[in-house]
2 protein chains.
Amino acid sequence: MEKNVTDLLREKGFKVTPQRLAIYKILTMTKTHPSAEMIFSQLQPSYPTMSLATVYKTVDILREIGMIQVLNAGEDSFRYDADTSDHPHVRCMECGRVDDLHDIDFSDFVDGVAKRTSYRLTGQQFYFYGICPDCQKRSAN
Amino acid sequence: MEKNVTDLLREKGFKVTPQRLAIYKILTMTKTHPSAEMIFSQLQPSYPTMSLATVYKTVDILREIGMIQVLNAGEDSFRYDADTSDHPHVRCMECGRVDDLHDIDFSDFVDGVAKRTSYRLTGQQFYFYGICPDCQKRSAN
DNA sequence: TATAATTAGATAATGATTATCAAAATAGAA
DNA sequence: TTCTATTTTGATAATCATTATCTAATTATA
């Protein structure tokens with residue numbers, strides 16, 4: 001059975017606060033891979049006193065306890081993803097959106113790298129770049 | 001035959017300056033994927049009047065004319081690579097070094113993604129994370 | 001060599017992220 | 001439930017990478 005944030009936070013010695021739960025919930029309910037600023041904005045209506053610093057501190061803890069992963073698809077800010085499964089991402093070079101790529105098999109690729117490098121590998125991150133369907137349509141008009 | 005920076009800069013309407021050539025040369029002679037700050041430091045002895053701003057402006061131009069590629073392996077700064085061939089990188093989570101991974105075939109992986117996404121793909125960047133040989137030895141002691 | 005246009009260098013500005021710290025909230029004991 | 005030690009929040013200052021601005025110097029071309 002999957003760990004929930006509440007238990008995991010307590011287990012690792014962190015306190016459970018409404019802010020932390022709210023930030024994690026935002027991340028579980030979106031596929032947009034929001035930045036700290038985006039999370040902060042989305043929480044404004046329901047948590048008007050939320051501080052941006054709290055968002056940063058919280059995502060750092062969530063990453064530390066393994067509940068989220070951190071992305072950087074070549075932008076000037078980091079993005080956060082509650083889907084911690086190993087999956088590639090694709091960023092639209094026009095509008096900047098970042099999407100998941102699921103059901104892609106890259107085990108051969110990873111195996112090949114593991115075999116050829118003298119690094120002891122612990123993880124990886126695959127980023128694709130291109131133009132999203134919406135922006136393709138828009139530029140066609 | 002390969003284009004050299006001098007010709008390419010002129011061709012694209014940029015002027016050829018000693019600073020630009022020096023920055024490009026640094027990048028061609030290293031495999032360390034230096035950041036702007038690192039390039040700046042390396043040039044200090046021979047170009048004591050070099051400005052960090054010039055480094056930033058130059059790498060941006062070099063990227064624009066396709067002579068270098070820009071990396072971000074999840075760090076707080078960008079790194080630059082004069083090897084513009086498509087190749088994965090691996091970063092040591094302990095010492096922070098970033099190495100190339102050559103002779104790895106990832107065409108099946110890329111083809112699979114191209115087939116399954118509705119994005120029009122233009123490029124990609126693959127980052128692996130782990131512990132480099134040196135740091136493995138160090139921690140073994 | 002003269003000149004128009006671009007660039008370098010110095011530095012201020014920006015923007016993301018981190019650090020600081022007092023007041024408030026949490027969790028466990030009583 | 002109340003008390004209390006500890007952690008966290010929120011406000012804000014600090015930091016650090018990167019970008020913008022501007023003038024003197026440099027480049028490319030006539």
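Hydrogens, waters and symmetry mates are skipped; everything else that's a heavy atom, side chains included, is used. Since the structure is predicted, the reported quantities are computational estimates derived from the model, not experimental observations. Each chain gets a letter, A, B and so on, in the order the sequences are listed, and its residues count up from 1.
- There is a side-chain donor-acceptor pair under 3.5 Å between A:H89 and A:D100.
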Distances for protein N or O near nucleotides 25-30 of chain C N or O, under 3.5 Å:
unit_1, atom_1, unit_2, atom_2, d
C:dT26, O2, A:K15, NZ, 2.7
C:dA27, OP1, A:R10, NE, 3.2
C:dA27, OP1, A:V16, N, 3.1

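- Distance A:I39 CD1 to D:dT9 C1': 17 Å, rounded to the nearest Å.
- Between A:F128 and B:Y119, the distance from one ring center to the other does not fall under 6.0 angstrom.
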Audit row: A:D60, A:K57, salt bridge (Lys or Arg N to Asp or Glu O under 4.0 Å) steps and yes/no: CA-CA 5 Å; A:D60 193 52; A:K57 284 180 282 197; over 6 Å; no
Nucleotide N/O of nucleotides 11-15 of chain D paired with protein N/O under 3.5 Å:
none

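- Residue B:R20 places none of its side-chain N or O atoms closer than 4.0 Å to OP1 or OP2 of D:dT27.
- Put simply, CZ on A:R79 is 14 Å from C1' on C:dA16, counting in whole angstrom units.
- For the pair A:N72 CG and C:dA16 C1', the computed distance is 11 Å after rounding to whole Å.
- In this structure, the side chains of B:E37 and B:V55 stay at 4.5 Å or more apart for every pair of heavy atoms.
- A sub-4.0 Å separation between OP1 or OP2 of C:dT17 and a side-chain N or O of A:Y56 is present.
- Here the P atom of nucleotide C:dT7 and the CD atom of B:E64 are 11 Å apart, to the nearest Å.
- Computed from coordinates, the A:M38 CE to C:dG15 P distance equals 16 Å when rounded to whole Å.
- In this structure, the CZ atom of A:F78 is 11 Å from the C1' atom of D:dA17, given to the nearest Å.
- Ring-plane geometry between A:F126 and A:F106 is classed as perpendicular, the angle between the planes exceeding 60 degrees on a 0 to 90 degree scale with a lower cut at 30.
- Among residues at least two apart or in separate chains, there is no side-chain hydrogen bond (donor to acceptor under 3.5 Å, both in side chains) pair with a member in residues 42-56 of chain A.
- Contact record, B:F14 with B:E64: CZ-OE2, 3.9 Å, taken as the closest heavy-atom pair.
- The separation between B:I23 atom CD1 and C:dT7 atom C1' is 12 Å, rounded to whole Å.
- Ion pair B:R97/B:D134 flagged as a salt bridge, since at least one NZ, NE, NH1 or NH2 atom sits closer than 4.0 Å to an Asp/Glu carboxylate oxygen.
- Between the side chains of B:H87 and B:D103, no donor-acceptor pair is found at a separation under 3.5 Å.
- In this entry the distance linking CG of A:D60 with C1' of D:dT8 reads 14 Å, nearest Å.
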